[in-house]
Structure formats: structure tokens, C-alpha cells
Amino acid sequence: MTIAAASKVKRDLSSDDDDDVPLSQTLRKRKIDSASSASSHDDADPYDSDEAISKISKKKKTKRIKTEPLSSPPSPKKKTTTPKPKKIKKENSDVKVKATKKKKEQKKKQEEEDQEAEDQKLKDEEDEYKWWEKENEDDTIKWATLKHNGVIFPPPYQPLPSHIKLYYDGNPVDLPPQAEEVAGFFAALLESDHAKNPVFQKNFFNDFLQVLKENGGTLNNVELKEFSRCDFTKMFDYFQVQKEQKKQLTSQEKKQIRLEREKFEEDYKFCELDGRKEQVGNFKVEPPDLFRGRGAHPKTGKLKRRVNPEDIVLNLSKDAPIPPAPEGHKWGEIRHDNTVQWLAMWRENIFNSFKYVRLAANSSLKGQSDFKKFEKARQLKSHIDAIRRDYTRNLKSKVMLERQKAVAIYLIDVFALRAGGEKSEDEADTVGCCSLRYEHVTLKPPNTVIFDFLGKDSIRFYQEVEVDKQVFKNLTIFKRPPKQPGHQLFDRLDPSILNKYLQNYMPGLTAKVFRTYNASKTMQDQLDLIPNKGSVAEKLLKYNAANRTVAILCNHQRTVTKGHAQTVEKASNRIQELEWQKVRCKRAILQLDKGLLKKEPKYFEEIEDLTKEDEATIHKRIIDREIEKCQRKFVRENDKRKFEKEELLPETQLKEWLEKVEEKKQEFENELKTGEVELKSTWSSVEKIKAQVEKLEQRIQTSSIQLKDKEENSQVSLGTSKINYIDPRLSVVFCKKFDVPIEKIFTKTLREKFKWAIESVDENWRF
DNA sequence: TGAAGAACTTAGGAAAGTATCC
DNA sequence: GGATACTTTCCTAAGTTCTTCA
């Protein structure tokens, strides 16, 4: 049974088995789908005639304004209302860090800089703003003053060397740089799954041809007609070489590059919010590229156009200096809207929607939003019983809308489904609760439901679960003919109806609050089960197991990494080898003192567990590995010598190494034949070997636990729930109570993001 | 009132960085 | 000390929800 199902059983919402009262009797005429034909049958059975049925997988025509696919995005429209700040805080002195151009006198300078950075950090910490110790302020006004330096634009396109070209029917193609850039985007992905996706290819090729046309076509009059006749391999190879060269730089060179980059970014990385220095999140404008939609995305592969300063709207204080636009350009618009959190925005050309530059996760504004989110989820604690009572009752409501609401909230509450908003044709076909369709739910009497659909990011949600009997009955009704695949299960619902209903219980309550609530509640319950004993590593493992329970509840998945199967195999082999070594030790003990077998039969039991076949396999594996190691060592050593122009190792050297391995092989073969171990010099007494056995046992246990953890985590992503759903205060309390360093649970970035939590709770705090 | 617009949170994969192994 | 494995951060897509407008 899945965790979600288990939690469901725990809560077990009882329902009696009354038959359904005809829903149609109380159904009033409703206008569900304005797009559908207006039939009005007030009293008939809803599923015979109700117009809601026409809501066949209703997709928005286009969610956003349609624009020509490749036209430059229009400048964002100016807001008509200018919000008035309710209070203006006194501005502090300008703390902007002025980048001074120093010459590189390497070490000494570096040390000085490090010291400076340290000092600055300390200074920052001193006057750090602990918003969580202040009174809750009005949150419609996000700031009184906001100063920043704008955004960083991606570097202009660097044309490829003249011998690197696209080939068409085997002939080189001379492209104008604008088109070459787009071809390069594709070439860079040549070995990825994207490049093999026909939709991606088609979208890319259309946009590529259009850019080519806009720029006068190919320079050597090759006419490009078909994607399949294009050959991008030369470009791809070139990018690979460049990547390799970058990798080959010395660590010193890499560091130098990093430092220069950091210095350049410094001015953009921070802004001044109400006089305080705060970090900006995504201060870099997204570079042009091919849009990589997830799942079966109709627009995947389309060209994401380069964003120019003219496309950008900056948001800052009226009195803040306007950062200069890049040479020869000007900003699209300057705005002074202190009711929003963003510093800059632009309209992108794929969906014609906005992209925003915001503050970083460790900023006060983000922190406050986060805090409020968890407090809201905690507030749900005092309403959840009433909500569950009501939806259990409403599962039998005579009003269809009420039944649908009840079932939907049940699913959201028990299985942690997302709200499920409407989607347009030009997005991937994914669903959430309200948008579930006939084919996503299979009913197996008496009360088993199989959910199988693609959720956010086209991640599959598959669960076979037992549900409340009345829920099962209602789902049967929602699927009754004439409904068929393609039809909406909840034909009278959408998230806004659901959320409006939820707000009756609690202001601000929406479908997504349930996910936060149930995730944090589950974490609290799981943590409560952990005994306060054992090593830090053991406690951590338990914490991760609790975290995993939450991740599974929220269906947070990740793709299994490429080498996973191999890694697991390797690790299990190692464990098997450790077991074998243990057996060998025990054999050695008996060789020293045969009498022990009778005295401690249990201790020596496992000697018999190891079969000859297993032992032979282990021997072979070890020997093969050693041989391979020798060969690798030989090649590596000679490569190095060749590079340093030294004399190469002779083949006899390799032979010598291999002979040693051969000796070992003989030893193993003997051992297998006689069952006698060759005693090592360190095995001088029974006690010494027993101590070694103990060490091996410890290693086996640790490795086994780690392997199990790794396997269980291979498809589950713990991060998302840790970052977004589990109240960080729970983790802080766990660390305090169990004496686990917070660093073991939160990375540096997370510690910064959750500073408010780390500094605000004691060990008695509960979610 | 509903659709579109806007603003925000949530999400997985890629890239970069770090630790560990040999 | 280099290769490899693992962890963390970055990037930006994809959701939800709130607001505005006709």
C-alpha cells in the first residue's frame, strides 16, 4: 500500500452505504461551460442531459494572447493603477558596494579581499534585519525603497570559426550569424533526447528557417528544405572540444575565471531594499535558446528569442538612480510599483507571458512569504476536522456540485493532489484534481481506484488505492454514460470554485494549502516516531526516511541516474565481499583453535552459508578487478610519462604486476579446494581475528544501510519537499532535540533561506 | 462574472562544486 | 593527484492563485 493510502486508512472516513438520492431533483440550471451549447433541463438526471457533460476535456483555446511566433515580444503593458505606498520608511545611507578596479597582485591581494569579504559579512550580520522578531506588517506594500543595478545580459553571439559549419546533403552551408546561432542551439543538443524528438525538430526547423529568411538566407545559396538533410555533427563536435578544453583548465585558472565573474556580478547580485542590502535571485536575463518543454509539449524546440534592454521593465523607487542601459540601448520602461516583489521583468516570446527578476530565497520578502505559507498551513489544523466532517457528509449531498466538491477535497486531502487548473492546447497535456478526466481513473469494485495520469512537469502519478466507499460510488456516478474518455470527471468544478468554497472555512485557504499542511503534518508525525538514540548517522537516516515519506506523499520523483544500476551492483558486490572476508576470518580462527567450533557453534554457522559457487564468483571478480587495475595503471603511468617526455615503462613491468595477481589467484584456488585460509601475519591470535570480524560486521551494516537508503531514494526526490513543503522549524527542532548539527540537514543555501526558522524556535515547538 | 493578465510558488534536470576512491 | 561519485546550486519550466477588466 502506498503511503497516501496508508494515511487514508488511518483517517478512515466512515460512510454508510445509503443509496444515492437522485441528484437531478435538486439540481438547478447552471451555466458550466459558456462555450457549450445552452441546453436547459432543470430536473433531468444530470448525466442524461446536463450541459456540464459537454465539458469534454475543455481546453483553453489560448491561455495567453496570441502573437506571431517569432515577432519581437511587445513591451509589457503599463499598469493603469499606480499603487500608493501607505508608509514610507526613512532611507538608510547608501551601502552600495563600489567595485574598485584593482590590479591582480595575486596572493596578497587575494588574502586582503578575503578579509574584506569576511568583514563585510560580519558587518552585514550585525545590522541584519530580523523580520521575524518584528510585528507583522502590511503585506500589500512590499517595500518603501528599492534600488538596484538592473540585470546582466547574456554575452552577444560569437560566430563559429569559419571551418565549423552546418552541412546540407553533405555540402557546407554558410549561415548568417543570427541563423548560425540558432543552428548551434540545436547542435549543442544533438545527443540529447530533445534532438531526437520530432516535435522538437519540427519546431526548431521552422523557427530556424524563419530566422534564416529574416537575415537574407544562406550566404552560399544552399537552399535548406528538409531537416533530415541537415548535418549538425561538425558543430556538435566543436562544442564538445570546447567543453573539454574548459575542463582541462587548471584549478587555478578556473578559480581565476570564477573570481572575475563574481566580481562582475557583484553589483547585480545585491539590491537595496528599504535601505538593507539583500540578495537578488535571477539577476541574469535568460539567454536565447531552444525552448525545452517537458513531456509531450507542443511548443518544444521553438526559438526563445534574445531579450533586449528595450524589452525590460525595471521596477525601483522613484528616487532611486536608474541604472544605465547597455550602450546604445534604453530600457523598455521604468516602473515604481511597491506592491510587487519583482525588480525587473520582460515578456517572453513562447507563450507571451512574463518572466520576472526577483529577490533571492534568503531575502526578507521571500522569507516572510515562506513564513506566512507555513503559518497558514498550521492554521488549517484548527479547521481540518470540520472540513473532513463536511466533505464526508457532502459525499452524499443531493446537489451534484456539492458532491463533486466533496470528492475533490477528499482527493486533495488524502492523496495530496494539486488543484488542477485548466490548460490550453499549446501546453503539455497534464492534469490535477479538477482537470482529471474519465481515462485517468479506473474503478475496481468494491472500492479500489487506480489513478494514472501525468501531473505537473509530466510526472506520472500512478496509485492503486482503496478509497472511502462513498467516494468510490461517487466516482462511479461521475463516470456514468454518456461520459467517456476525454470527458472531465469533475465537470462542474474548477480551482476557483473549490477555493472560494474553502475560504468559507478559513481566509486564505486554497487547495495548495492542503499539500503544505499534510506534508508538514506527516513530517511531524514521522519525526515523533524516531527514538532519540544511536549515532548522528543513524538519526540522519531516520530523518531522511521521514523526509522520504513526505516526498512520496507529494509524488516528488526524479529520474534514475545513468549509472544507478551499476552503482547498486558495485555496492552489493562489495558487501558480498565483506561477508566473504568475514567467513575467511572465521575459518582462520578455527585453524588456530579447532575446539571453538563446539564451544560457539552459532558464531561459525555462517561459514556453511557461503557456497562454493558464490566463493568462486567472488574470487573471479576480485581477480578480474585486479587485472584491470594493473592494466589501467600501466596505461595511465605511460600516458603521464609520454607527456612528461620520460622513459616509458616496459611491458615486463606490467607482466610483473600481473604475476602477483596470478599468485593471489592460485592462493584463492587452493583455498577453494582445501577450505584452508592462508594465515596472515596480523592474524596471530583468535582475539585479533575476532576484532577484525567485528570491524567487518560494522562495515557490512553501514554499507547495507547506505545501499538500502540509496535504492529507496533512487526515484524519489527529497529536495522539493524539504525546500517547499516541510515546515523548516520541524527540522530545526529535530536537530536541537536529537543533537544533530543543522548542517547535516540544511545546506548552506537552505540555512540562509530558513534563517528565520533556525533562529526562532526552541525544541518544544510543534507544527 | 468569467476570462485574461499578473505575480507568485513549486519543480526536475543540468551544471558546477566537492568529497571520495584508488 | 586524477577519475569518479555524490551533493549543491543554478536554471527556467510549470504550476497555483490573486487581480483586473470588459
Side-chain angles (χ1 to χ4, degrees), chain A residues 31 33-35 60-65 76-77 79-81 83 140 142 189 192-193 243 246-247 251 254-255 258 281-282 284-287 289 291-295 297 299-300 304 337 339-342 345 347-348 350-356 358-361 365-366 369-370 373 418-424 427-428 430-432 434-435 455-459 494-500 503 508-513 515-516 554-559 561-564 566-567 570-571 625 629 632-633 636 639-640 706 710 713 717-721 723-725 746-750:
Chain A
K31 197 182 171 204
D33 184 356
S34 58
K60 283 187 186 174
K61 283 273 156 42
T62 36
K63 202 160 132 194
R64 296 134 183 152
I65 302 167
K77 203 172 61 184
K79 262 195 173 179
T80 45
T81 49
T140 56
K142 313 284 183 184
L189 297 172
S192 72
D193 289 343
K243 251 190 212 169
K246 212 172 139 194
K247 238 161 79 184
S251 51
K254 283 181 194 163
K255 192 179 172 191
R258 199 188 66 227
N282 53 333
K284 288 178 187 163
V285 169
E286 292 175 21
D289 201 352
F291 171 69
R292 297 177 218 184
R294 299 180 189 153
H297 201 298
K299 292 201 171 192
T300 193
K304 231 171 78 169
D337 183 354
T339 65
V340 292
Q341 294 193 1
W342 53 267
M345 71 158 172
R347 206 185 267 283
E348 51 84 48
I350 303 289
F351 297 106
N352 204 36
S353 66
F354 293 130
K355 297 271 189 175
Y356 298 91
R358 296 164 193 286
L359 289 159
L365 277 180
K366 288 273 192 189
S369 308
D370 224 24
K373 174 184 79 184
R418 296 188 182 81
E422 197 182 344
K423 295 194 75 181
S424 74
E427 292 171 286
T430 62
V431 297
C434 294
S435 48
K456 181 176 177 180
D457 290 312
S458 293
I459 296 292
D494 66 34
S496 80
I497 294 172
L498 208 60
N499 287 340
K500 212 172 271 172
Q503 325 243 313
L509 181 59
T510 60
K512 83 193 267 284
V513 180
R515 266 169 85 81
T516 316
C554 295
N555 200 38
H556 291 145
Q557 300 184 22
R558 60 171 182 170
T559 47
T561 50
K562 258 189 221 155
H564 176 72
Q566 211 184 350
T567 313
K570 233 175 166 174
R625 204 161 56 211
K629 217 190 306 180
R632 260 212 314 266
K633 191 175 156 192
R636 200 172 49 222
D639 275 351
K640 200 174 123 196
Q706 279 172 351
K710 193 176 280 173
N713 274 346
S717 158
L718 302 187
T720 309
S721 49
I723 294 168
N724 301 298
Y725 288 102
F746 290 153
T747 61
K748 185 170 149 274
T749 337
L750 275 191

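To find a chain, count down the sequence lines: A is the first, B the second, and so on, and within it residues start at 1.
- In this structure I459(A) satisfies the side chain to side chain contact (heavy atoms under 4.5 Å, CB included) test together with D457(A), N555(A), Q557(A), sequence neighbours excluded.
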Mind listing the N/O atom pairs, protein and nucleotides 7-9 of chain C, below 3.5 Å?
from: dT9(C); atom 1: OP1; to: T749(A); atom 2: N; distance (Å): 3.4
from: dT9(C); atom 1: OP1; to: T749(A); atom 2: OG1; distance (Å): 2.3
from: dT9(C); atom 1: OP2; to: T747(A); atom 2: OG1; distance (Å): 2.8
from: dT9(C); atom 1: OP2; to: T749(A); atom 2: OG1; distance (Å): 2.4
from: dT9(C); atom 1: O5'; to: T749(A); atom 2: OG1; distance (Å): 3.1

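- Using modelled atom types, no side-chain atom of K456(A) and backbone atom of G420(A) make a donor-acceptor pair closer than 3.5 Å.
- Minimum atom distance to the side chain of K142(A) is reached by dC8(B), of the listed dT17(C), dC8(B), dA14(C).
- Counting any heavy atom pair closer than 4.0 Å across all strands shown, T559(A) reaches sugar-phosphate atoms only and no base atom.
- Comparing Q557(A) and R358(A), the nucleotide of DNA chain B nearest to each residue sits closer to the 5' end for R358(A).
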Extract from the structure each pairing of a protein N or O with an N or O of nucleotides 17-20 of chain B at less than 3.5 Å, listing the distance.
none

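- When the side-chain hydrogen bond (donor to acceptor under 3.5 Å, both in side chains) test is applied to K366(A), no partner is found at least two apart in sequence or on another chain.
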Assess the residue pair N282(A) and K355(A) against the criterion (side chain to side chain contact (heavy atoms under 4.5 Å, CB included)); give the C-alpha distance rounded to whole Å, side-chain angles, the decisive distance to 0.1 Å, and a yes or no.
CA-CA 10 Å; N282(A) 53 333; K355(A) 297 271 189 175; over 6 Å; no
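- Proximity of a side-chain donor or acceptor of N499(A) to a complementary backbone N or O of A511(A) within less than 3.5 Å is detected.
- Residues R294(A) and K366(A) both approach DNA chain B. Their nearest nucleotides, taken by heavy-atom distance, put K366(A) toward the 5′ side.
- The side chain of D337(A) has dA7(B) as its nearest neighbour among dA14(C), dA7(B), dG13(B).
- Partners of H297(A) under the ring pair (Phe, Tyr, Trp, His ring centres under 6.0 Å) rule, at least two apart in sequence or in another chain, are F291(A), F351(A).
- No side-chain donor-acceptor contact under 3.5 Å links K512(A) to the backbone of A419(A).
- In this structure, G719(A) reaches neither bases nor backbone, as no heavy-atom distance under 4.0 Å exists between it and the strands shown.
- Applying the side chain to side chain contact (heavy atoms under 4.5 Å, CB included) rule to T747(A) yields the partners T749(A), L750(A); only residues at least two apart in sequence or on another chain are considered.
- K456(A) comes within 4.0 angstrom of a nucleotide base, judged by non-hydrogen atoms across all strands.
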